[in-house]
Amino acid sequence: MSETNHTDWLDGHDVASRELGLALDEARARSPDDVRLRRMWARVAEPDGVTSPDGEAPVRAPRTPRWIWFAGGVASSAALAFALVAWLWPRHQPAVAVRPAPTPAVETRLLDAAQGAPAAQGTIRTGTGERLQLTLVGGTEAHLESSSVMTVDRAGRAKVDGGEVAFKVPHQTTGHSYVVLAGPYRVVVLGTRFKLRLDDARRVFVDVQEGVVEVWDHARLARLSPGETWASPKGTATPAPTAAPMPAHARSHERTVAIATPGAGSSSTPDDVEANAQAALAAGETTRALGLYRALSQHGGPAGENAAYEIGKILRDRLGQPANAVTAWRHYRTEHPSGVLRIETDVSIIETLVHAGDATGALTEANDFIRNHPDSERRAEIARVAGDLYRTRADYKRAVAAYQVALASPQVRDAAEPATFHRAECLMRLGDPSGAEATRAYLRRWPSGRFRTEAERLLESGDDVGATRL
Amino acid sequence: VNTPSLMRPVPRGSVPSDTELVTRCRRGDHGAWRMLHDRHAPTVYRFLSALGVPPEEREDACQDVFIAVYRSLDRFRGAARLSTWIYRIAARGAGRAMRRRRMHTVLATLLLREPAPPPDPDPSERSARLATLDALLTKLAPKKRLVLVLFEIEELPVDEIAKIAGCPENTVWSRLHHARTELTAMARKTAARAS
């Protein structure tokens, strides 16, 4: 092949070859115009570091040694790898992990403090010497001691699987309670501080520091006051939790089955159905949640009992059917006369009847409650509600009696101030001579109280009011 | 006679040779550097164009080549022609520019950025024929393309191409053969499709 004849390989008979030859000729003639050349020179003649300050003699710019680039690359890669490892390193070691830290570290992590938001779920473990503070749904604080295991389910409900966990539960609103699971037991609280511990033999211990706690399985086992301790009997050790979590695909399969056949014949456990119902509720699928709870309520047991109660809540809070809700709760009482949620059910019925304007029904329920639950923490609250209802109907005599029940209760708490004032007010309206003194006693105890102005006005016109009523 | 196409056909004696210019540049003669640039810049520009550097990057690529030339002048010992030496630097520069472009494309894809609008066409590429040739050259392997461009467009002798490509002369012939065959086949395919 000749070196000088560059187009021998193009035969020329072919159109494509002819075009290719012409294109190569054009490529050989391709050249930048003068403007472009001048621009290129301007860049080369005066680039940073290429020309001298006087612009005449080009000087050599110091060149960065290649090893600096290499070292920089290695350092960047190492930093990136370190950051990745630090980011991906597991935060919590298994309980068996030994940590050399001499001083227990306290770590604070917020799971989900938002009311009503879906709870963060999963198993939380603390290693040896590690302590952990969590805030659960509803503001409940959980303090995990060393080598403890706690599970939070999809509904944000805590279950202690090992070790020791101290809970600080904020006061629950009317009709609500906070439940912590420990083995086969349910620890029901309304607002208190207590510790739950599972020893190596899987026995459950409950220590109450503040408030009242009830321990339940199928029935109430204990009612604990501050300073009291309860331990599950020996020989009733609970099985250890399964170490390996259920695979996600298996869980989703079970969930599908439970949704498709929420009633009898489902292969899902009641806990799974309950979790599905809670998830449906959180997702706004009220009808499906109601169906799941209704199916679950047929099964009996703790889950069935809880479902029977939840039906009423859904009917009232989600579907706006207070009458049906009361019927559902009354059905619960029939099915579970000593149920763990009996008190909550009674309170919910009273609350619903009050809001529905059924004062007579509410008073009947409230009086039954006061009579049937002399030790209940909610007694003062319900007595105050009864007093308010009587006062609204101008039945001051019964109102005073109800307020006195509330004030006599050891758990009077928030009900104390309104019960004190309204009792005094009712006495004044009855023309009772002790009314003025009761009103002054209120002002002495709550000098800046909510009813201060009304109390002062009552005292000023006390005689007139009493005379009118008499 | 192998007349380097880099040299403009100017009368000898009126214009200094490449060797003289290099010597003067080493002494800091700015005028010599200007002369050297003007002499070789069109060729470098054409060469980079044929190697596939896109129009909007050609001036920058040319600048990079000449800065590299200037910085390396001390290491130029005259064993090869200056044009051969500049071609080698330009070939490396074109490779870097193409890699940089590929990297930008990948980053733009990863970052989901809108693709840059197409630049104004280079006046030297207004011929559809030339555009077709560039498109066909893009499909050749870089090593084959380099050899083909140096031989067919730059019209360099094989021994110089071997020095620039850093391979034996036989390899240059082999690559040239394959490049021509592939280019012809692609050109015929394109023509058939157009007709």
Side-chain angles (χ1 to χ4, degrees), chain A residues 1-66 69 73 76 80, chain B residues 2 5 25 27-31 33-34 37-38 41-46 49-50 58-60 62-63 66-67 70-71 73-74 122-125 127 129-134 136-137 149 151-159 173 176-177 180-181 183-192 195:
Chain A
M1 187 179 290
S2 165
E3 289 187 14
T4 54
N5 191 353
H6 295 282
T7 53
D8 286 350
W9 55 288
L10 301 171
D11 52 26
H13 300 298
D14 188 350
V15 176
S17 300
R18 205 163 45 242
E19 285 293 315
L20 195 54
L22 292 171
L24 285 170
D25 286 341
E26 285 187 20
R28 285 181 205 113
R30 178 155 54 185
S31 177
D33 52 37
D34 283 346
V35 174
R36 194 181 294 270
L37 274 175
R38 282 173 187 276
R39 203 160 55 217
M40 283 159 55
W41 165 248
R43 288 178 173 188
V44 173
E46 297 176 2
D48 292 338
V50 172
T51 51
S52 62
D54 58 10
E56 285 300 319
V59 294
R60 217 155 268 108
R63 188 171 184 171
T64 310
R66 287 191 178 182
W69 290 99
S76 303
L80 186 64
Chain B
N2 294 326
S5 59
C25 279
R27 289 196 209 115
D29 186 340
H30 189 66
W33 172 238
R34 170 74 188 263
H37 173 269
D38 286 353
T43 307
V44 170
Y45 186 88
R46 182 182 61 223
S49 306
R58 279 175 200 163
E59 288 184 26
D60 287 342
C62 269
Q63 177 195 0
F66 278 97
I67 289 174
Y70 181 78
R71 282 174 173 164
L73 276 178
D74 277 347
D122 190 320
S124 67
E125 287 185 350
S127 159
R129 205 177 273 139
L130 199 55
T132 308
L133 175 67
D134 282 343
L136 296 179
L137 287 174
V149 166
F151 192 88
E152 301 291 352
I153 297 175
E154 301 301 325
E155 301 179 308
L156 295 187
V158 169
D159 58 339
W173 283 118
L176 183 62
H177 169 72
R180 282 170 165 176
T181 308
L183 191 66
T184 312
M186 286 190 291
R188 285 181 180 141
K189 205 171 171 181
T190 306
S195 64

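Please read all numbers here as calculations on a predicted model, not as lab measurements.
Interface residue Ala191(B): only side-chain heavy atoms are found under 4.5 Å from chain A. Proximity to chain B involves both the backbone and the side chain of Leu22(A), based on heavy atoms less than 4.5 angstrom apart. Both the backbone and the side chain of Leu183(B) come within contact range of chain A, with heavy atoms under 4.5 Å apart.
Here the closest heavy-atom approach between residue Ala23(A) and residue Leu130(B) is recorded as O-CD1, 3.7 Å. Of all the heavy atoms in Trp41(A) and Arg34(B), the pair that sits closest is CE2-CD, 3.0 Å. Between Ser31(A) and Pro42(B) the shortest heavy-atom distance is OG-CB, 3.9 Å.
Contacts of Arg38(A) classified as salt bridge (Lys or Arg N to Asp or Glu O under 4.0 Å), with partners at least two apart in sequence or in another chain: none. For Glu19(A), the side chain to side chain donor-acceptor pair (under 3.5 Å) partners are Arg129(B), not counting sequence neighbours.
For the atom pair CD (Glu26(A)) and CG (Asp134(B)), the distance works out to 10.5 Å, reported to the nearest 0.5 Å. Cys62(B) SG to Arg39(A) CZ: the interatomic distance, rounded to the nearest 0.5 Å, is 11.5 Å. Going from atom OG1 of Thr132(B) over to atom CG of Leu20(A) covers 10.0 Å, rounded to the nearest 0.5 Å.
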Side chain to side chain contact (heavy atoms under 4.5 Å, CB included) for Glu152(B) and Arg28(A)? Distances and angles first, verdict last. CA-CA 8 Å; Glu152(B) 301 291 352; Arg28(A) 285 181 205 113; 4.0 Å; yes

Where do Leu24(A) and Ile153(B) land on the side chain to side chain contact (heavy atoms under 4.5 Å, CB included) test, with the steps shown first? CA-CA 6 Å; Leu24(A) 285 170; Ile153(B) 297 175; 3.9 Å; yes

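Using a 4.5 Å heavy-atom cutoff, the side chains of Met40(A) and Arg58(B) are not in contact.
Checking Tyr45(B) against Arg30(A) by side-chain atom types alone, no donor-acceptor pair falls below 3.5 Å.
Under the 3.5 Å distance criterion, the side-chain polar atoms of Arg46(B) are left unmatched by any main-chain donor or acceptor of Pro32(A).
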